[in-house]
Amino acid sequence: MTDALTLWGAGAFGVVIGWFVYYINRYRSGDIQLSDIVTLIGALGGAAVLALFKPGTNLFGAYGVGLAIGFFAYFVFLLIFVAISQRKYGDFNWEWFLDGRRKEPEPPWAIPYGARPPFYRIGLAPSSAKDRGGTGEIDTTCGNSDAGLWQSVDGQDIAVRITIKNTGKCMIVGVPSDSKGLQKGLATARPGTSATVAVSSASKVEFACQGIAAAGSCTGTWTVDPIL
C-alpha cells in the first residue's frame, strides 16, 4: 500500500517536469518535427522514470497527473499575467497568444538586449536562426535609395552581421536601424570590394546605391546573418 506522502511526492515531481516541458517547448529555437513526440515520450516515460515509478502503480498514476497539472499550469499563469497586464496597462491582448502582438514599451520602460522575447506563439516554435537572416541581389542604377531591404521576422531587435559584395560602379551602403527607428551603424562597400559589419541591435537594414557612374550600374549582393 502506497502511503500519501509518497503519492504526493510522485505528483510533485510530475508537476515540476510538466512545468519545464512547457517552458522548454515555448523557448525552443529549432523547428518542430514529428520525431519530437517520440523524443518527448521517451524523456517523460523512459527507463529512468519507469525505474522510479513502476507502470500500473499508483505512483506512476500520480506522476502522470502531476505532469498534466504542471504543463497546463504554465499556460494558466500566462493567461493570468496577460489578463492583468491587459486590464492595468493595456500592453498585451489575447492576440499575443496567436502571433505575438503587443505594444512597444515606452520610455523609461525598455526590453533589455538579450532578454528572451515574450512573443512565441502557443503551439508554435519560433523560427530557427537560419530563417531569421536574409540575402538578396542588387541590380539597379546608381543613386537608387531602394536597393534592398531586410527586416526581422518578429519586428524585434537582434544582433546581425551585414555583408555586402559590390560588383558595380558605385558605392553600396547598408543602413541598420532598430525597432524605434534609430540608426545603429553603417555598412559601406566601394566598387569591386566587399564589406562586413556587425551590429548589436537591429530590426531592419535598408540598402542603397550612392554616387554617379558613367554606366550608372549598381550591382552586387547583400546578406544579413543573425549573430548567435
Side-chain angles (χ1 to χ4, degrees), residues 1-103 105 109 111-133 152-159 225-228:
M1 187 69 179
T2 306
D3 60 70
L5 180 60
T6 306
L7 288 174
W8 277 103
F13 180 79
V15 169
V16 173
I17 300 300
W19 180 279
F20 275 98
V21 166
Y22 196 110
Y23 173 85
I24 292 171
N25 185 63
R26 181 172 179 238
Y27 287 113
R28 62 183 294 162
S29 59
D31 297 326
I32 295 177
Q33 300 177 353
L34 188 61
S35 60
D36 293 342
I37 299 177
V38 179
T39 303
L40 186 62
I41 293 175
L44 301 182
V49 171
L50 294 179
L52 294 173
F53 314 119
K54 301 297 183 183
T57 63
N58 290 340
L59 284 177
F60 189 83
Y63 167 70
V65 172
L67 275 178
I69 293 175
F71 185 87
F72 290 106
Y74 198 115
F75 177 60
V76 170
F77 271 92
L78 286 179
L79 287 173
I80 294 173
F81 293 149
V82 169
I84 293 174
S85 177
Q86 180 186 27
R87 183 174 181 179
K88 189 173 182 179
Y89 303 107
D91 292 336
F92 290 89
N93 208 329
W94 300 113
E95 287 84 357
W96 179 77
F97 290 103
L98 302 176
D99 55 19
R101 275 175 283 180
R102 59 156 297 178
K103 290 183 178 179
W109 298 97
I111 299 176
Y113 172 71
R116 285 189 176 95
F119 50 77
Y120 296 157
R121 278 82 70 187
I122 297 299
L124 296 176
S127 58
S128 59
K130 62 182 176 60
D131 295 328
R132 301 183 71 179
S152 61
V153 294
D154 42 43
Q156 298 291 317
D157 297 330
I158 62 174
D225 295 311
I227 300 176
L228 303 180

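Between I158 and P226, the shortest heavy-atom distance links the atoms CD1-CB, 4.4 Å. Taking each heavy atom of L50 and P55 in turn, the nearest pair found is CD2-CG, 3.5 Å.
We find the CH2-CG distance between W8 and D3 to be 13.0 Å, quoted to the nearest 0.5 Å. The structure places CG of L67 at 14.5 Å from CH2 of W19, a figure rounded to the nearest 0.5 Å. In this structure, F60 CZ and T57 OG1 are separated by 8.0 Å, a value rounded to the nearest 0.5 Å.
The aromatic rings of F20 and Y23 sit perpendicular, their planes meeting at an angle over 60°, well past the 30° parallel limit.
In this structure F71 satisfies the ring-ring contact (aromatic ring centres under 6.0 Å, His included) test together with Y22, sequence neighbours excluded. For I84, the side chain to side chain contact (heavy atoms under 4.5 Å, CB included) partners are I80, not counting sequence neighbours.
Proximity of D157 to S152: side-chain heavy atoms (C-beta onward) are nowhere separated by under 4.5 Å.
For Y63 (side chain) and L44 (main-chain N/O), a donor-acceptor pair under 3.5 Å exists by modelled atom type.
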